[in-house]
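In each ligand, atom 1 is the first atom listed, and ligand 1 is the first ligand listed.
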Amino acid sequence: MAQQYTSENIQVLEELDAVRLRPGMYIGSTGPRGLHHLLWEIVDNAIDEAANGFADEIIVTLHPDGSASVWDNGRGLPTDPHPTLKIPGLEVIFTRLHAGGKFDHKNYNYSGGLHGVGASVVNALSTWVTVDSFRDWSHHRMRFETIADKKTGKALPGRPTAPMERVGNTRKRGTLVRFLPDSAIFEEIAFNGELVARRLRELAYLNRGLKISFLDDRARSAASEPRVFQYSGGIVDYVGFLNTDKTTLHDNVIYLEGVRDQMMVSCAIQFSDAYSESLFSYVNNIPTGEGGSHEVGFRTALTKSLNDYARRIGALKEKDNNLAGEDYREGMTAVLSVKMPNPQFEGQTKGRLGNTEARAMVEAVVLQRLTEYLEDLRNAATAQTIIEKSIKSAKVREAARKARDVARAKSELEAAPLVGKLSSCTGRNARENELFIVEGDSAGGSAKQGRDRRFQAILPLRGKPLNVEKKRIDQVLANLEFRSIITALGTGIDQDFNLSQLKYDKVIILSDADQDGAHIRAILLTFFFRYMRELVAGGHVYIGMPPLYLLKTAGKESYAYNDRELQRVLPKGKNYTLQRYKGLGEMNPEQLWQTTMNPANRKLMQVTIEDGAEADRLITILMGDKVDPRRDYIISHADFNKTDLFEEIQA
Ligand code: 1YM
């Protein structure tokens, strides 16, 4: 290392140390999410360059050595010396946590990431980083490594291996960053190709026209063709994609956009014959799965402009009440994308926009633009379709409300027989209590005997519950299995859902490890996703993982939860017997407690909505009423068992 370090630089090094000391503060976690966060930080910088109008192409590659690279055809990173630090701009960007200074005055900085510190965070948490800048006819390169201190063995993060090098002349423009995540930091350093592809596709939809290519080069097969995401229609194409497997009510997707103060608002809307509403919102390209002020503004404007329009054309008479927002939103697929400075993200998963001013801005833009859209005679047929559909929804909703009232009254009357199936726990602390929803009466019986009744409640399910995707809310409420779940949870559902009433912190689905069990699990998850979204978004839903094998060797019993684990525990050269569990019912109460229910040993998967749009699309395919897409999906994803509707994380 030829580099001389000034006092400024020493400060810098301590900054990168801080990142390694508390990675969670910068990237959320050191699990798979945090790992991918590194990649998104670099991708964000490339997207910013494109959003500024300086780049129109990005290539992301996963390499066989485990590293990832991102390239854009923008201006290239500045290489001239920083005015006060006197080191190349490029080096500042990768070693300073607060790479502000001259980069503070970006003409566009709606980046969702760490506002310019992302690159240095990636450097601090990587084994090595290489940076190539093609700018002003020169190609420069610099390499950083995390090395071990010779004396203490302590990691010295992100050290330049040499001063920035001028490689030569070039006619190219752009930036190439390649990095290898540090295995000393991350639990696992393998990127998930599908996840990366999905996010890049989403980014391409959100940035109209931008060409994003993705190459997963790790398999090194002939099949490693790049996947290219580029959409000239932007979020209009996105809504079309989300509705691929639905029956739409009008051909043209409605597109609205406008600017208020510093806020750019755009949305795309199309209605189908589905019962549910699918609104996907983003702030600075970040999904806001928990909603927030921008969604409130959007919904208010939608209801108001449609009600006004319905009155103007006489579909609603003076004596009629306004329709409710949910009537207009039934069957709506919409993408709302907002770009704004300084977004505040709140909520369990930082997925809710908190800025109060966003509400009025979005409302104003959508109200004005949607009103203009509806008034435009070219859109009269679409407008008419929406109003007719909504009036129908209102009638059905009224009927459903009556059914719901009846169901509620009934469930109060029949509360005893309904919760008769539920074996509740004795503890009264909802924050500690757990509800196991167990497939089958016999497993339910074992669970009842095996559990710790102080905090564990058991609700056995008989047979397969109703597939709610194909049913209206009144039919769902008429179903005994769902009624007992709703009653047990205490929250109500749909519009009436109230998380604060939840009686159990963890709701654990326990089904057999076979096709039927997977189907039951998918149906329950669909129910939670459609009618109790907040329960899932809040991280209260889990999947219990019973062991697949019981292994007996000379007086010792052990369990394996999957085939990989079995390979590890199989004794070599010794006698053993192996039992493969076909269902939960084969375990006695004590075994079920030890392996699946005891918090000290069990494995749970927490269900989160990592990618709401994708989950919605897959639920439509797997649970909806069109047969062809489902067959196609099952054929192309042979492992139907692995309901990849949701991101499952080990808890
Ligand atoms: C593969 C990742 O980082 N592209 C990129 C980044 C930057 C610039 C151009 C750039 C910006 C400006 C001037 C300016 C920068 N990012 C940062 C920071 N691609 C990638 N392309 N000249 C070039 O904003 O004025 C600083 S420069 F700080 F955000 F990282």
* **Beyond-backbone contact of Met340 with Asn355, side-chain heavy atoms, under 4.5 angstrom** => yes
* Within-shell test, Gly174 vs ligand 1, heavy atom, strictly < 4.0 Å -> no
* Consider every N or O of Arg135 and every N or O of ligand 1, then say whether any pair is closer than 3.5 Å. => yes
* To do: Please check if atom CZ in Arg166 has more than 12 non-hydrogen atoms from other residues, nucleotides or ligands closer than 6.0 Å.
  => yes
* Any donor-acceptor N or O pair under 3.5 Å, side chains Asn243, Thr248 -> no
* Asked: With a 4.0 Å cut-off on heavy atoms, does Ala119 reach ligand 1?
  -> no
* Pro78 and ligand 1 - part of the residue with a heavy-atom distance under 4.0 Å -> side chain
* Option whose closest heavy atom lies nearest to atom 20 (C) of ligand 1, chosen from Asp72, Asn52, Val43, Ile42 -> Asp72
* Are Asp65 and Ser67 linked by a side-chain donor-acceptor pair shorter than 3.5 Å? -> yes
Anything under 3.5 Å between a donor and an acceptor, one on a side chain of residues 252-260, the other on a protein residue two or more places apart or in another chain? List them.
from	atom 1	to	atom 2	distance (Å)
Tyr255	OH	Glu257	OE1	2.8
Arg260	NH2	Gln368	OE1	3.0

* Asked: What orientation do Phe179 and Phe191 show, parallel under 30°, tilted 30 to 60°, or perpendicular over 60°?
  -> perpendicular
* If hydrogens are left out, which of Arg178, Arg75, Glu41 has an atom nearest to atom 11 (C) of ligand 1, that is, the closest non-hydrogen atom? -> Arg75
* Asked: Which of the atoms in ligand 1, numbered in the order shown and given with their element, are less than 4.0 Å from a heavy-atom of Val70?
  -> 1 (C)
